[in-house]
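Note that the structure is a prediction, hence the values are computed from the model and not measured. Chain A is the first sequence line, chain B the second, and so forth, proteins listed ahead of strands; every chain is numbered from 1. All heavy atoms count here, side chains included; hydrogens, waters and symmetry mates do not.
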Amino acid sequence: MRKREFYISCTFVLIFLNVFSIKAEENHSEKAFNVKDVIFEHLTDSYSWELPFSHTHRLYLPVIVKDLNGKWHIFSSKHLDGGNTHKGFYIAQDGDNVHKIESVDEQGNKYRPLDFSITKNVLAILFAAIIILSVLLWDAHWYKKHPYKAPRRGVAMVEIVIDMLYYEIIKPILGEDARKFAPYILTLFFFILVANLLGQIVIFPGGVNLTGNISITLVLAFMTFIVINLFGTKEYWKEVFWPDVPLWLKFPIPIMPVIEVFGVITKPFALMIRLFANMLGGHIIALSLVSLIFLLGALGETVMGITTGVSVIFSLFMKLIDVMICFIQAFVFMMLTTVFISLARVKEHEHESKKEEQQSTEITE
Amino acid sequence: MELFKPEFGLIFWMFFVFVVMFVILAKYAWPVIIKNLDERAEFIDKGVEYSRDAKKELDNAAANAQLILAEAQKQQLETLQEASVLKNKIIEEAKHAAAIEAQKVIDAAAVSIEQSRREAEMQLRKQVSALSLEIVERLMRKDLSNNKAQIELIDKLLDEMEIKN
């Protein structure tokens, strides 16, 4: 075991030495360092993916666009590299659609075509899905093969998480509905967790700001919204539109129903913003700390050396916190989803029994 | 503001991939895993309960065994006592029987002795009477053998002699 670890670390050291020697040569030819551009390039989506340890080699991904005439175009994003125009499409350098594919119609107006390109984020979603599917299907296969056996290693690692989520969160909160909603909640959790963790890996298959992208969190929150309201009970809808408050609060002017409807929307909205902001913030901090080295590098080699040391220590610290945040955010998203679902699954007799309890306590008092 | 603008293409792909993933997992992974976890937990609970019961039973059995052992020892003691009593009795009986038998043998012997003594006596008497007759014959030179009264007299005399002896 120890021998293997030694070999692995040796390999890493060799790779890094090699890479840094190449980098040092490349640095001379690079243009001035722009912090904002670098950070934004990492945070936003793009049509190609930088391969590890190289600024020159990129993975060009397919562009799938539909122009105004309803014609589909599929081509490699290599044709758009360096601001080139291909079949009338180009990547906007400024304006509303900056860094996105734009085209020009017959009148000369810029417009955004329908864009179904396999971008960096789409590919990262696929990677995350493949990882989750392979891990969990392997798990299920293992369980089928070894019933009543305690798992070891990988399967056990996943089982600890599933066990904790299912028996500590989902089952106590949802009760008898647990089995019905567990697949959705667990899939949600694992997708967010894997996407978060992939984002923390700096090089190729990872390093994508996936859950820090508003589109992704929008979809996740929207699906939670659908699940909550699709499976809401009669009692839930009654509480939304005809809550248990004095009549003047809901009859001529529906104050409470408006607030309640607002609440229905804000719940998933808060989920969306929370995940998005947390993960985005983590990425920005990590990138800023690294950029600090290059910013202060202009002041001389001594300053650069000191900032490097400080930045590395801070980065390490932040990375560790980020890994924790990856889990916490996935956990929070999943837990709140569970809670919201349970709130939408209220049953009438529960309320009645509560009322009865209140009455009985009043009587005894 | 680029960061805050949802991208339609990305939303579509995300939705598509997530739904496909969810359907696959909900069909092939989660039910299997959760069912297995549930069943295993139940199995373990049952196993623990069973082993606890078994242990209790075992303890009971040990206590029972102790009781049975004590009982057996008691019985053994009793049996031994009974046996010894029986033994003594048998010995006594045997002794008794032997004594009786011995008495019988002695009695028989006595009877036979008496008989033989009597026979011998008779023999002797006959011989003595014969001898006496002979003696008397010689003495008196007279044959008295046919004289019954003479023989009776001699017999009487002999009886007297015997009583004297």
> Specify which of A:Trp138, A:Trp142, A:Phe190 makes the most heavy-atom pairs with chain B at under 4.5 Å.
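Of the options given, most contacts go to A:Phe190.
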> Who in residues 22-47 of chain B is close to chain A, using a strict under-4.5 Å heavy-atom cut-off?
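Within residues 22-47 of chain B, near chain A: B:Phe22, B:Ile24, B:Leu25, B:Ala26, B:Tyr28, B:Ala29, B:Trp30, B:Val32, B:Ile33, B:Ile34, B:Lys35, B:Asn36, B:Leu37, B:Asp38, B:Glu39, B:Arg40, B:Phe43.
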> Check whether A:Tyr184 gets within reach of chain B through its side chain, its backbone, both or neither, counting any heavy atom under 4.5 Å.
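Both the backbone and the side chain of A:Tyr184 come within 4.5 Å of chain B.
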> Hey, is B:Glu78 close enough to B:Lys74 for a salt bridge, meaning N to O under 4.0 Å?
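Salt bridge: no.
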> Do the two ring centres, one from A:Tyr60 and one from A:Tyr47, sit under 6.0 Å apart?
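Judged by ring-centre distance (under 6.0 Å), A:Tyr60 and A:Tyr47 do not meet the cut-off.
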> Among A:Leu186, A:Thr44, A:Leu137, single out the residue with the greatest number of heavy-atom pairs under 4.5 Å to chain B.
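The residue among A:Leu186, A:Thr44, A:Leu137 with the greatest pair count is A:Leu186.
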> With a 4.0 Å cut-off, would you call B:Arg117 and B:Glu121 a salt bridge?
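Yes, charged N to carboxylate O under 4.0 Å.
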> May I ask you to test the A:Leu174-A:Ile169 pair for a side-chain heavy-atom distance under 4.5 Å?
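Contact flag for A:Leu174/A:Ile169 side chains = no.
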> Going by heavy atoms in the side chains, are A:Phe191 and B:Val17 under 4.5 Å from each other?
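No - every pair of side-chain heavy atoms lies 4.5 Å or more apart.
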> Please determine, by modelled atom types, if A:Asn121 and A:Thr119 share a side-chain donor-acceptor pair under 3.5 angstrom.
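No, because no side-chain N or O of A:Asn121 sits under 3.5 Å from a partner of the opposite role on A:Thr119.
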> Side-chain contact test, heavy atoms from C-beta onward, threshold under 4.5 Å: evaluate it for A:Asp177 versus A:Ile341 and give yes or no.
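No; the side chains remain at least 4.5 Å from each other.
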> Pick from A:Asp45, A:Ile118, A:Ile64: which one has the most heavy-atom pairs with chain B under 4.5 Å?
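Ranked by heavy-atom pairs under 4.5 Å with chain B, first place is A:Ile118.
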